[in-house]
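Data block below; observations after.
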Amino acid sequence: MSEPAALPAPDERRRHLPALEPERQVTDWGRSERVEGAMDRLLYDFLYHYWFRVEVEGIEHVPTTGGALLVSNHAGAVPPDAPMIAKAIKEEHPRPRPLHLTVEHFFKGYPGLSMLVAKIGGVPAHPANVHRLLHDEEQLVLVFPEGRKGSEKLYKDRYRLRRFGRGGFVEAAMRARAPIVPVAVVGAEEAQPIFAHVRLLQKLTGLIYFPITPTFPALGLAGITGYLPAKFRIRFLEPIPTDQWGEAPWEDRGLVQEVAEEVRARIQEDLIDQLAHRRSAWLG
Amino acid sequence: MNSRRVLITGVSTFWGGRLARALEQDPRIETIIGVAPEDPTCALERAEYVRVGTQHALLRRIVQAAAIDTVVDTRLMVDSAAASSRAIHENNAIGTMNVLAACGGPDSPVRKVVFKSSAHYYGCERDDPSFFTESMRRPHPPRTRLEADIVEADDAVRGFAGRNPGVTVTTLRFVNGIGPELRTSHTRLLALPAVPGILGFDPRYQFIHEDDIVGALRHAVTQELPGIYNAGADGVLALSEVAGLLGKPLAPVLPPWGTSLAAAGLRPLGVRIPEEVQRQLRYGRGLDNRRLKAAGYRFAYTTREAVERFGEALRVAPLEAAQAAPYRYEREVEEFLRYSPSVRRGADESAAAGRSSN
């Protein structure tokens, strides 16, 4: 017992996962079918089809079975990209699968957001959570390695990818031996541009940032979800398998950084390609 | 190793008593000795009760004299509303140290120690993983005195295991217990007409049915489970889900800021929400129970089923309260039945069997 207790072997770990209880409408992660369904009907459906007129390419790159880590660029004060990617998989994929979104720990600690974010599929971005989802539960997980650096960046910096964290997402995918699917999203930058940040109000509200957008705070609290009708284009890029580097590739920090940089470069390249072909931010 | 001669500390606690009764049914267990500073709270058949606290010299004499091979420590206090923080410190930190001292030593007959620990070991923080595994450390130092004492006790058990490689040491970290008979701060809050919560939070809750607490302890006694095991039922519910299962509204009576002040304001109304419960009401907690399942334990109830059983018990509680007289331990009677030469053992047992078949 001096040894810290290890978990059982991989296949055991899958076998001993809790069985699904059909009576329940909430998963063990706190995700609620009912709240998700309501959000989908009231908001996402409209945004996806009519407001952002989302166009999807490369949906076949999202695997039908097994865990996969989707990695995307991130933009918008209240980023609309995550729900649109989830909706794209739901609408376009031959076998729609739920998408789990990793979110900052901040959300678990902030009243209101704490309730909502978990119910619509947000999972705290803890390495153990990502591993359980990818490896044991074989789910789809979406990460934004830019994190808030992506969503808080100003309009003038649009479509320039920020630093990709410390490559933690690559390590997580390697440990789970799950492929990485890069995703390039065009449109979110124009949907909710941020012109400036107000430090004082950020401190007072305890939020991660307090942005000035076209509708917030001009239209009050509701303005925070005010999106401009930008044309959305979501492109799923070719998956990068992570089981090609031998037994424990995550111990090679250099390799992890290299792969992270590779994913970032692919997304950046594709964004530039999409932007080059885009005639209008609103009409596509 | 087969456990035959078992010593249960804290036999007057809910779990100690229930475990003693469960082990009484097992013919492979020759001897069950329960020790506690207070009288047992449930009727014991063949288990013997010795009134003694955690003085290690006395415990050691009992252990040696009775050639105890298995010690089950069920004393840990996990509810800061149950006693003063000083008493809890005495019991959890100092008491555990003493019990371990009584079990150790080169000439000790003890070959197995089962320690009932708590998920409070992991704490309850914003940046917790959604499911703690046994090898995870808590991300921050303990925030409450209760948690600090539990961490100290749990660490002391681990240290004991390191020093005594010949002894099988099992640590079971239990999540919040629930069930028809168990009374804790949580069951009292859930028994209110509305389930109190913190505005803007719907924490994740994992429970374990009281029978599974006893079952897991018993499993650790009858099987070999060296190491640490999380003991929480399958399923982690949102508090709103728990309230729904109980058929009650969720009442966010506590504000997100100044929560402990508001909780103090509820005290005069008879609603007590201790610090560690406030943390759970804010952040929630989930444990990964797969190691215990892989070790062969089968939970009798999921978290949802445990909450449902609790809800059923709440509904009939007013009817049953009138009937049941609380158990009282009568030392003279118990000793007469166990040791008097006048008692005809075989006859007593067959009479008991006859009664139960009627």
Side-chain angles (χ1 to χ4, degrees), chain A residues 1-35 100 102-119 122-133 136-137 205-206, chain B residues 125-137 139 157-163 165 167-171 198-204 206 226-230 233-238 240-241 244-245 252 255-257 282-284 286 288-295 302-305:
Chain A
M1 158 150 160
S2 51
E3 187 91 333
L7 268 174
D11 49 330
E12 286 258 290
R13 298 178 58 170
R14 285 195 187 131
R15 211 180 59 211
H16 290 298
L17 279 172
L20 287 178
E21 291 181 278
E23 300 90 339
R24 290 184 59 193
Q25 289 183 322
V26 182
T27 71
D28 283 0
W29 298 94
R31 184 178 195 144
S32 164
E33 239 172 66
R34 206 164 35 187
V35 176
H100 297 261
T102 61
V103 297
E104 280 196 49
H105 292 298
F106 155 81
F107 289 100
K108 191 172 150 195
Y110 202 82
L113 292 177
S114 163
M115 285 175 95
L116 182 68
V117 168
K119 293 218 179 340
V123 170
H126 192 286
N129 287 351
V130 178
H131 187 78
R132 181 176 168 122
L133 279 170
D136 300 350
E137 300 189 10
T205 52
Chain B
E125 302 276 352
R126 202 182 75 166
D127 48 358
D128 282 345
S130 298
F131 299 90
F132 278 104
T133 62
E134 290 84 351
S135 55
M136 286 176 186
R137 299 282 305 176
V157 175
R158 205 172 22 234
F160 174 86
R163 287 190 305 277
V167 180
T168 305
V169 181
T170 308
T171 301
I198 300 177
L199 184 66
F201 289 92
D202 192 9
R204 293 162 64 247
Q206 187 177 17
I228 306 168
Y229 297 83
N230 287 338
D234 275 351
V236 184
L237 311 186
S240 56
E241 229 182 330
L245 286 172
W257 293 282
R282 185 178 299 264
Y283 298 124
D288 189 329
N289 62 4
R290 285 177 285 172
R291 190 163 193 252
L292 185 58
K293 281 159 87 180
T302 65
T303 296
R304 183 184 61 84
E305 288 163 350

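By convention in this document, chain letters (A, B, ...) are assigned in the order of the sequence lines, proteins followed by strands, and residues within each chain are numbered from 1.
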Kindly compute the distance separating [atom1] ([X]) from [atom2] ([Y]), expressed to the nearest 0.5 Å.
| X | Y | atom1 | atom2 | result |
| --- | --- | --- | --- | --- |
| A:M115 | B:L199 | CE | CG | 8.0 Å |
| A:E21 | B:L237 | CD | CG | 7.5 Å |
| B:S130 | A:R132 | OG | CZ | 8.5 Å |
| A:H131 | B:T133 | NE2 | OG1 | 10.0 Å |

With a 4.5 angstrom heavy-atom cut-off, is it the side chain or the backbone of [X] that approaches chain B, or both, or neither?
| X | result |
| --- | --- |
| A:E23 | side chain |
| A:A19 | backbone |
| A:L20 | neither |
| A:T27 | backbone |
| A:R15 | neither |

Any idea which of B:R126, B:R204, B:R163 has the most non-hydrogen atom pairs under 4.5 angstrom with chain A?
B:R126
Do you know which of B:G286, B:P256, B:G235 has the most heavy-atom pairs under 4.5 Å to chain A?
B:G235
Heavy atoms only: give me the nearest [X]-[Y] pair and the separation to one decimal.
| X | Y | result |
| --- | --- | --- |
| B:D127 | A:H105 | CA-ND1, 3.4 Å |
| B:A238 | A:K119 | CB-NZ, 4.4 Å |
| B:V236 | A:D28 | N-OD1, 3.0 Å |
| B:F201 | A:K108 | CE2-O, 3.4 Å |
| B:F131 | A:N129 | N-OD1, 4.1 Å |
| B:E241 | A:V26 | OE1-CB, 3.3 Å |

Could you tell me which portion of B:Q206 (side chain, backbone, both or neither) has an atom closer than 4.5 angstrom to a non-hydrogen atom of chain A?
neither
If one checks every heavy atom of B:L245 against chain A at 4.5 Å, the contacting part turns out to be neither
Treating B:R290 as the side-chain partner and A:H16 as the backbone partner, does any N or O pair qualify as donor plus acceptor under 3.5 Å?
no
